[in-house]
Amino acid sequence: MNADKLLDAQGLACPMPIVKTKKAMNDMETGQVLEIHATDKGAKADLAAWSRSGGHELVQSIEENGVFKFWIKKG
Amino acid sequence: MSVKEMTAKEVAKKVINKDELFILDVRNESDFNDWKIEGENIEVFNTPYFDLLDGVEEILDKIPTDREVLVVCAKEGSSNMIAEMLSDEGFTVSYLKDGMKAWSEHLEPVKIGDLTNGGEIYQFVRLGKGCLSYMVVSNGEAAVIDSTRKSDIYLDFAASLNVEITHVFDTHLHADHISGGREIAQSTNATYWLPPKDAEEVVFEYSPLEGGNVVTIGNTDININALYSPGHTIGSTSFVIDEKYLLSGDILFIDSIGRPDLAGLAEDWVEDLRETLYNRYRELSDELIVLPAHFMIVEELNDDGSVAKPLGTLFAENHGLNIADEAEFRQMVTGNLPPQPNSYQEIRETNMGKITPDDDKQREMEIGPNRCAVR
């Protein structure tokens, strides 16, 4: 899936993956897609819930070799 | 203002002492709704940390100033951050060290009583998950029953009492938590007893625990009488210790009874469950103190933090023991069952030795409430 920007949050523990995602999102335009790579298991449920509450769309999420990958479209 | 650290042990003391505490739980809503810290005088308020990144102003009016305030999250990082933010606003708050992960694993040992010929019985209360395990101590020897995953707690406790663990038991193959039994037995060379009907698929050596087995702890004849009591699982076995305590496993709880469906055979096991509760247990003395392997709600805790009641009291008060109509009983234990424990199939396979997940994975599998009972 195509992304406008990639955020590498691997190795970061909660709350940093979300803090960084939020920061990166601030610099993006509505409709653009941010790709996030994280290794913190908690990020999965939290990013989904954060997207919902922030009006963004979690387009896709997969797990690959212990890395969680997310694509979030800015709302 | 500074941020203080509160340990799971300190929270446990507050639950047992019924102290007042306000908890700001900053985990996401679904984790919070699944499972949280509970206590008679504990008020809990949930706002996810990711909704507070721009500031805590909108929840300031929810934070009391007349009570201690504890911020809680899954592992600690987010609660620490939110606690700092509240502190910057002038509040004195603590965060839970190692988060709900530590709360899930914390064990609080409570002495239940003395044994006739010297020795004691202790209950380990896992407040965060509602699991209860036991240590019977007599004359330099100890037995551990239904141990939880963190085996070092029992090893350290035995060392502090200067006793040697010689026997380890599981009343049944657990589906809600990973047993530390095998690990304890391995590191102490103790005998590990399992009911053979639950252990058909296990891949390690064990001693078959069957009705009528008598095991002696210490040389003061503290007998552990195994009593075959199927229902929650086909092999479920109860113990009578020192003719005074009935360890009922997951068959009978204080305010509920075991569910028969976690190995997928609810319909088959309903009758066993009824037979155990309505016939076999009826033959036992009313004066036996029932010590179950779980509790569901903090109201089941006694004032000293223990979970124990005479069998006679349970026959009078436990709803599950007072359903005269068999069809109604069947309906109660097979219909309307609560959701099954998280990862219960994987937990059963781990307890059989079929899979060996790493420590992090095991911890994650156990997170959440136990849900072994029906009410």
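Throughout, a chain's letter reflects where its sequence line sits, starting with A, and its residues are numbered from 1.
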Residue selection (most heavy-atom pairs with chain A, distance under 4.5 Å) from B:D51, B:N80, B:D31, B:D360 | B:D51
Look at atom [atom1] of [X] and say whether more than 12 heavy atoms of other residues, nucleotides or ligands are closer to it than 6.0 Å.
X	atom1	answer
A:N65	CG	no
A:E35	CD	yes
A:K23	NZ	no
B:E58	CD	no
B:E29	CD	no
A:E63	CD	yes

If you measure from NZ on B:K361 to NZ on A:K41, what distance do you get to the nearest 0.5 Å?
-> 6.5 Å
What is the distance from atom CG of B:L53 to atom OG1 of A:T21, rounded to the nearest 0.5 Å?
-> 10.0 Å
Name the region of B:E76, side chain, backbone, both or neither, that has any atom closer than 4.5 Å to a heavy atom of chain A.
-> neither
Verdict with supporting geometry, A:I18 and B:Y49, side-chain contact (heavy atoms from CB on, under 4.5 Å) = CA-CA 9 Å; A:I18 295 236; B:Y49 68 93; 3.4 Å; yes
For chain B, the option from A:A48, A:G42, A:S53, A:A13 that forms the most heavy-atom pairs under 4.5 Å | A:S53
Shortest non-hydrogen contact from B:S78 to A:P15?
-> OG-CB, 3.3 Å
Can you say whether A:A49 sits under 4.5 Å from chain B via the side chain, the backbone, both, or neither, judging by heavy atoms?
-> both
